[in-house]
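Worksheet for the structure shown next.
All figures in this text were calculated on a predicted structure; none of them were measured in a lab. Heavy-atom basis, side chains included; hydrogens, waters and symmetry copies ignored.
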Amino acid sequence: MNDTVAPITPITAKTRQAPRKAAFFDVGGTLVRQALWNEPGLAAYLRHAVAGDLMVLMSSSPLPVVAPLAARLGADEVLTCMRGQGKGYAARTLMREYGFDPADCHAYADEAADLALLAEVGNPVVVGDDPVLLRHARRGTWKVLSD
């Protein structure tokens, strides 16, 4: 992890077609760690953005804290001030509003508090080494993204 990642060019609505699925990213620990880019998480984000997925940032922090990052990454949706079950409920609601099949959607998270978010999608990805999330990954078909 370092902060020497090249500048990011946002993927805008003008450069892509309507998304058919969503990719949810918990911000803290998944995209950013200790004010530095988490390179595996950032690489996953960029892959989904290039693929044309609806890019959703989720954070327990307030919008003024997350907005600069969302602008730099070109996020389509930013859902803030949520914890635990709230993230799962918000993801389910957003997928329903857009008409997305949850089985096609992805979620990336790094801590047990985000279990509800990961459980809502067909492609959950554990980022890092949280023991609770790793147990869930081993029991199911969850992927693990590590440094």
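Every residue meeting the side-chain contact (heavy atoms from CB on, under 4.5 Å) condition with Ala112, not counting sequence neighbours, appears here in chain and number order: Asp130, Val132. Remark: Tyr108 engages Phe25, His48 in a ring pair (Phe, Tyr, Trp, His ring centres under 6.0 Å) (not counting sequence neighbours). Every side-chain hydrogen bond (donor to acceptor under 3.5 Å, both in side chains) that Glu120 has, sequence neighbours left out, goes to Arg92. The side-chain hydrogen bond (donor to acceptor under 3.5 Å, both in side chains) check on Asp110 picks up nothing, with sequence neighbours excluded. Among residues two or more places apart in sequence or in another chain, the side-chain hydrogen bond (donor to acceptor under 3.5 Å, both in side chains) test is passed with Arg47 by none. Here Asp104 pairs with Lys21, Asp101 under the side-chain contact (heavy atoms from CB on, under 4.5 Å) rule; sequence neighbours left out. Partners of Pro62 by side-chain contact (heavy atoms from CB on, under 4.5 Å), not counting sequence neighbours, listed by chain and number: Pro64, Val65, Cys81. In this structure Gln85 satisfies the side-chain hydrogen bond (donor to acceptor under 3.5 Å, both in side chains) test with no other residue, sequence neighbours excluded. Legend: residues meeting side-chain contact (heavy atoms from CB on, under 4.5 Å) with Thr80, ordered by chain and number and at least two apart, are Leu63, Val66, Val78.
In the hydrophobic clustering, where aliphatic and aromatic side chains (Ile, Leu, Val, Met, Phe, Trp, Tyr) are joined below 4.5 Å either directly or transitively, Tyr89 stands alone.
Sorted by first and then second residue, the ring-ring contact (aromatic ring centres under 6.0 Å, His included) pairs with a member in residues 121-144 read His136-Trp142; sequence neighbours excluded.
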Kindly indicate, with the supporting measurements, whether the criterion side chain to side chain contact (heavy atoms under 4.5 Å, CB included) is fulfilled by Leu54 and Glu77. CA-CA 8 Å; Leu54 183 79; Glu77 298 276 352; 4.2 Å; yes
Between Phe24 and Met95, does a side chain to side chain contact (heavy atoms under 4.5 Å, CB included) hold up when you go through it step by step? CA-CA 10 Å; Phe24 298 88; Met95 288 184 287; 3.9 Å; yes
